[in-house]
Peer 1: 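First, the structure itself, so that you have it in front of you.
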2 protein chains.
Amino acid sequence: MQQENNSLSQAERTALSDKALLDAAMDLVLEHGPDKTTLAMIGETAGYSRGLATYRFGSKGGLFDSLCKSISRHWLEYLKQGVGDKVGIDAMCAALDTIYKFEQESPREARTLEILYCGAASPSSEFRDTAIGIRRRQKSDVAEWVRQGQEAGQVRRDVDADEVAGQYVAYISGMTYLWLMSPDSFDFHGSNEVMKKQLRDSLAVCTAASS
Amino acid sequence: MQQENNSLSQAERTALSDKALLDAAMDLVLEHGPDKTTLAMIGETAGYSRGLATYRFGSKGGLFDSLCKSISRHWLEYLKQGVGDKVGIDAMCAALDTIYKFEQESPREARTLEILYCGAASPSSEFRDTAIGIRRRQKSDVAEWVRQGQEAGQVRRDVDADEVAGQYVAYISGMTYLWLMSPDSFDFHGSNEVMKKQLRDSLAVCTAASS
DNA sequence: TAATCACTTGCTTGTTGACAACAAGTATCT
DNA sequence: AGATACTTGTTGTCAACAAGCAAGTGATTA
């Protein structure tokens, strides 16, 4: 419990090196991709030895799983704050705005997360289940928004909440994928605006089809 | 030009071994993922030596690029046949049906292609450009369908063809991704039916909003 | 037509350097 | 002194390359 000036507690040391390792891993993944990023590179870029990354995370897959979870935590926190207590169409639109904002404010995290999720498609991926779980949760959250929107009288009763959630999550997955593949030529913001308009058109109770 | 019974011309030999290699690669990718598939495994599974895959395709990335292009060719041919000379909403719906059919009839190819495309998200991917190009072409094809549908009086004039194409391609990308991640829990067919309904609702000229 | 010879091409085996993973050690905290 | 953060030594695997072998090819000659 008694610490000198520049000496840290064990817990602080691990927290520090953990953060440094994950941060270095993120940069390296962004530059070279997960395949061509080596554990030695990660350790040394973080200012430690070539062996620390393996020691701390057990394996390359373990490290990327931790990185994935770490960014996901941050992202889910950010999303929760962005959506607030909105429900129905408002929540779905707010989520789209929040995704865009997150990728503007934290492009490194957003991009890395996308890259890792794509890598999770491989049968060998150690964090396949992590990725699946997050998508599943995303979908059930959206379905819940729709149901609450229906109860609040904002969303049409005749739409199936799960169907809508499925379409919505598919759109988000595809949109982020396309953005990841060609960030320059894909109009993220415009695409989201179109989507928001479409959500209102197809889900809102009052279909007074004007304009 | 003169060949004996069981001896093959050089061209035939390469064609044969090429096919065997790509086929073996497909099986191995499906089972272990691209990362844990080794070039030696591919060569030996195909019935040749451990070195052939490297010799023929230059590198691991080169092999997967070839595999990607090979399946893509097949898929695009299949798609063209499925869509025929339809345009507008009909073409878009037919394309959705064709995707579903392709994945029912050729699950190995479909799955492998998806896995490879996801891997292309990595900055180190050697066939990143291949994947980007195909998506881009997909999008411009769809935009063309929409424009032709507008000229034919089937699609509303006030929708932007490029915007619609963007949404459509995003949906397809996301849907195939979700299907790849959890083939069992994702209702591919149902999702497509919903999408087709939505396409008609939002694009058809006569919005007589009945039923 | 048939035999031979120079050359090309398909394929295999030998080797090297890089890397993940593990084991055994050192330094720092408690 | 014991535990914990971290480093260094080592091994087996793999991609990539290089050198070699064997089978195919086409031209020349008789």
Peer 1: If you assign Arg13(A) and Leu39(B) each to the DNA chain D nucleotide with the nearest heavy atom, which residue ends up on the more 5' nucleotide?
Peer 2: Arg13(A)
Peer 1: I want to verify a distance call: between dT10(D), dT12(C), dG14(C), whose nearest atom is closest to the Leu52(B) side chain?
Peer 2: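 Comparing dT10(D), dT12(C), dG14(C) against the side chain of Leu52(B), the answer is dT12(C).
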Peer 1: So does Arg111(B) get a backbone contact from the side chain of Glu103(B), meaning a donor-acceptor N/O pair under 3.5 Å?
Peer 2: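 No, Glu103(B) side chain to Arg111(B) backbone: no donor-acceptor pair under 3.5 Å.
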Peer 1: If we ignore angles and hydrogens, is there a donor and acceptor under 3.5 Å between the side chains of Ser191(B) and Tyr171(B)?
Peer 2: yes
Peer 1: Within this structure, what is the CG-to-C1' distance between Leu63(A) and dA21(C), rounded to whole angstrom?
Peer 2: 14 Å
Peer 1: Regarding Tyr55(B) and Ser49(B), is there a side-chain donor-to-acceptor distance under 3.5 Å anywhere?
Peer 2: no
Peer 1: From the options dC14(D), dA5(D), dT7(D), select the nucleotide whose nearest atom is closest to the side chain of Thr14(A).
Peer 2: dA5(D)
Peer 1: For this output row, return yes or no: ring centroids of Trp179(A) and Phe188(A) closer than 6.0 angstrom.
Peer 2: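 They qualify: ring centres under 6.0 Å apart.
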Peer 1: Measure from CD1 on Ile42(A) to P on dC19(C) and round the result to the nearest Å.
Peer 2: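 Rounded to the whole Å, the gap is 12 Å.
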Peer 1: Rounded to whole angstrom units, what separation is found between the NZ atom of Lys36(B) and the P atom of dA15(D)?
Peer 2: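 Atom NZ in Lys36(B) sits about 13 Å away from atom P in dA15(D).
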Peer 1: Please determine if a side-chain N or O atom of Ser17(A) lies less than 4.0 Å away from the OP1 or OP2 oxygen of dC6(D).
Peer 2: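 Checking dC6(D) against Ser17(A), a side-chain N or O does come within under 4.0 Å of OP1 or OP2.
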Peer 1: Considering only dC19(C), dG10(C), dT13(C), which nucleotide approaches the side chain of Ser49(B) most closely?
Peer 2: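 So the side chain of Ser49(B) is nearest to dT13(C).
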Peer 1: If I take atom CZ in residue Arg50(B) and atom P in nucleotide dA16(D), what distance separates them, rounded to the nearest angstrom?
Peer 2: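 My rounded result for the distance is 14 Å.
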Peer 1: Base, sugar-phosphate alone, or nothing: which one does Tyr48(B) contact when heavy atoms must sit under 4.0 Å apart?
Peer 2: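 Result for Tyr48(B) = sugar-phosphate.
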Peer 1: Both Lys60(B) and Asp18(A) contact DNA chain D. Taking the nearest nucleotide for each, which residue is further toward the 5' end?
Peer 2: Asp18(A)
Peer 1: By nearest atom, which of the nucleotides dA15(D), dG10(C), dA21(C) is closest to the Ser59(A) side chain?
Peer 2: dA21(C)
Peer 1: Whole angstrom is fine here: how far is it from CG in Leu21(A) over to C1' in dT7(D)?
Peer 2: 13 Å
Peer 1: Check residues 94-102 of chain A and write down every donor-acceptor pair under 3.5 Å in which the side-chain atom is one partner and the other belongs to a residue at least two apart or another chain.
Peer 2:
| unit_1 | atom_1 | unit_2 | atom_2 | d |
| --- | --- | --- | --- | --- |
| Asp97(A) | OD1 | Lys196(A) | NZ | 2.9 |
| Asp97(A) | OD2 | Lys196(A) | NZ | 3.3 |
| Thr98(A) | OG1 | Ala94(A) | O | 2.6 |

Peer 1: Need to verify one output field. Residue with the more 5' nearest nucleotide on DNA chain C, Met41(A) or Tyr55(A)?
Peer 2: Met41(A)
